[in-house]
Protein chains: 2
Amino acid sequence: MRTISPPVGLPALNETDLVGQVARRLTEAIVQGRLPPGSKVVEAGIARELGVSRAPVREAARLLEQQGLLVANPRRGFFVRQFAADDIDEIYDLRLCVERHAAVLAARNLTPETRDKLRRQIDVLYEMADLDDPARQVEEDYRFHRLICEIAGNRRMLRLFDDLASELRMVIGLIGRLYDDPHEIARTHEPVLAAIEAGHPERIVAHIDYHLGHAWREVGRLVREIPPWPAAAK
Amino acid sequence: MRTISPPVGLPALNETDLVGQVARRLTEAIVQGRLPPGSKVVEAGIARELGVSRAPVREAARLLEQQGLLVANPRRGFFVRQFAADDIDEIYDLRLCVERHAAVLAARNLTPETRDKLRRQIDVLYEMADLDDPARQVEEDYRFHRLICEIAGNRRMLRLFDDLASELRMVIGLIGRLYDDPHEIARTHEPVLAAIEAGHPERIVAHIDYHLGHAWREVGRLVREIPPWPAAAK
DNA sequence: CAAGTCTAAACTGTCGACAGTCGGCGATTA
DNA sequence: TAATCGCCGACTGTCGACAGTTTAGACTTG
């Protein structure tokens, strides 16, 4: 009778995770600009709107605070983070620093499978360009860079990337369309992959620098163009 | 799990910002090993011990979760994070990557004032060595490295450093004494400062690599020596 | 008409309560 | 004799309530 637990492949279900769900909804609203930068996040309001009590809303807010999407003012509540131009600089500075390293590590760990994943992801970028879907292209762009961090194999690095990305998403959601030529953006990923395949650390760093440096300047320019911030409601 | 949440010796607290205070107390208890890795953090128990309700305890726990000190198991509660040897590798890998960059930036921003701060911090390390106070020396060691991040001027980088440090503190609290010769550890900071003063990027990176690489190997060795983990008290 | 001043409404921080889940233990059954 | 069942207490997830604080707006006052 060596049958303790019959292993039937059933996916575990995680039903009520209110905190997580609230966090996701809030993030969505922020990224989509429905909660503009500087606006107050009224706990009771969100709670009522989502049909839950304030407790899970507060816990979700703490999460987003730690993630940098909200800032907490004691006794005054949570507010949607306002980004300044130098926030962009900070984020890209860190991204550059981390992604350089990630790419070098990724090259070291590269297998045929992971290489193909990167290749296919670039193809997806071309597809998005054809479909002219800027929002999804930005998302798929992140996915490419995230893949590099994933392949690098350092979970903390991956989390850091996700955190930075979620901050960037917010900014980019605000400035809307990012590039003029969506095919161009897909193309600029090619040399990065090529360098990783080649495996020369210097070349990898150089191409990452070039690629991200381009995005940095572009986003920086756009952010500076939209002076302070769009009417921080309330 | 017949446990009526045994007291961990947490003195009661008052005033406002309960969440922050609870978070600090919990961190303390974890770092000092009073809440050993793997142990369950019983909300009601902590709340009772600190003389507060469960709400602020939960919010503090979420904070520590995001910081990596706790892990949340839905419906089962929060548990003190258990570190494996490869966690050390991840943390030091990231630290190295970030601190290299920070040091180069710091060199660029160096002023006489900030230089003096670094100098004085090394002197403090010697003092701690004289006093033979390993715990405080480790703490002052962090402060030196933190100073570099501070001088670099990227707030996100600084926060990342703090997060990594708080994870490391936990590990180091567990392995106890870190180095045999506390004066040696103070001395090894000299070339780092010298390189930053000199301002040669390559030299800076080389010395940071050497310095942190040493710590990495040392901590890694010690962690591997203490095989699984000290009786994860339930 | 600008600058305070005061007051009521709106919110946050925290609490205690309650329903439902989890895990261990003894009883049960093959 | 060992796997399983069912029960019971401990604990989590969530809620509504309340006190104290902040804010917006009406009302004075110089």
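Only heavy atoms go into these numbers, but all of them, side chains included; no hydrogens, no water, no symmetry mates.
In this entry the distance linking CD of B/Glu59 with C1' of C/dT14 reads 9 Å, nearest Å. One interatomic measurement links the two molecules: CZ of A/Arg48 to P of C/dA10, which rounds to 10 Å at whole-angstrom precision. Between A/Phe79 atom CZ and C/dC11 atom P the separation is 11 Å, expressed in whole Å. Between A/Glu65 atom CD and C/dT12 atom P there is a gap of 14 Å when expressed in whole angstrom units. The distance between atom CG of B/Leu50 and atom C1' of C/dC15, rounded to the nearest whole Å, is 15 Å. For the pair A/Arg58 CZ and D/dG13 P, the computed distance is 17 Å after rounding to whole Å. Atom-to-atom, CG of A/Leu18 to P of C/dG20 comes out at 14 Å; the value is rounded to the nearest Å. Protein atom CD1 of B/Ile46 is 13 Å distant from nucleotide atom C1' of D/dC11, rounded to whole Å.
Taking the six-membered ring where the residue is Trp, B/Tyr142 and B/Phe161 present perpendicular rings, their angle passing 60° and hence far from 30°. In this structure, A/His189 and A/His145 have perpendicular ring planes: the angle between them is above 60°, well past the 30° mark.
Backbone-only engagement by B/Val41 is indicated by non-hydrogen atom pairs under 4.0 Å involving sugar-phosphate atoms exclusively.
Between B/Lys40 and D/dA10 there is no side-chain polar atom (N or O) within less than 4.0 angstrom of OP1 or OP2.
By the 4.5 Å heavy-atom criterion applied to side chains, A/Thr111 and A/Ile151 are not counted as neighbours. Taking the side chain as every heavy atom from C-beta outward, B/Val22 and B/Arg58 never approach each other to under 4.5 Å.
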- Task: Apply side-chain hydrogen bond (donor to acceptor under 3.5 Å, both in side chains) to the pair A/Trp216 and A/Asp89, showing each step before the final yes or no.
- Result: CA-CA 7 Å; A/Trp216 184 346; A/Asp89 291 338; 2.8 Å; yes
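The nearest heavy atom of DNA chain C to A/Glu43 and to B/Pro56 marks one nucleotide each, and the one closer to the 5' end goes with A/Glu43.
No salt bridge links B/Asp141 with B/Arg146; every basic N to acidic carboxylate O contact stays at or beyond 4.0 Å. The pair A/Glu225-A/Arg221 meets the salt-bridge criterion, with a side-chain N (NZ, NE, NH1 or NH2) lying under 4.0 Å from an Asp/Glu carboxylate O.
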- Which letter, B, S or -, goes with each nucleotide of nucleotides 16-22 of chain D from 5' to 3', with contact meaning a protein heavy atom under 4.0 Å? -B---SS
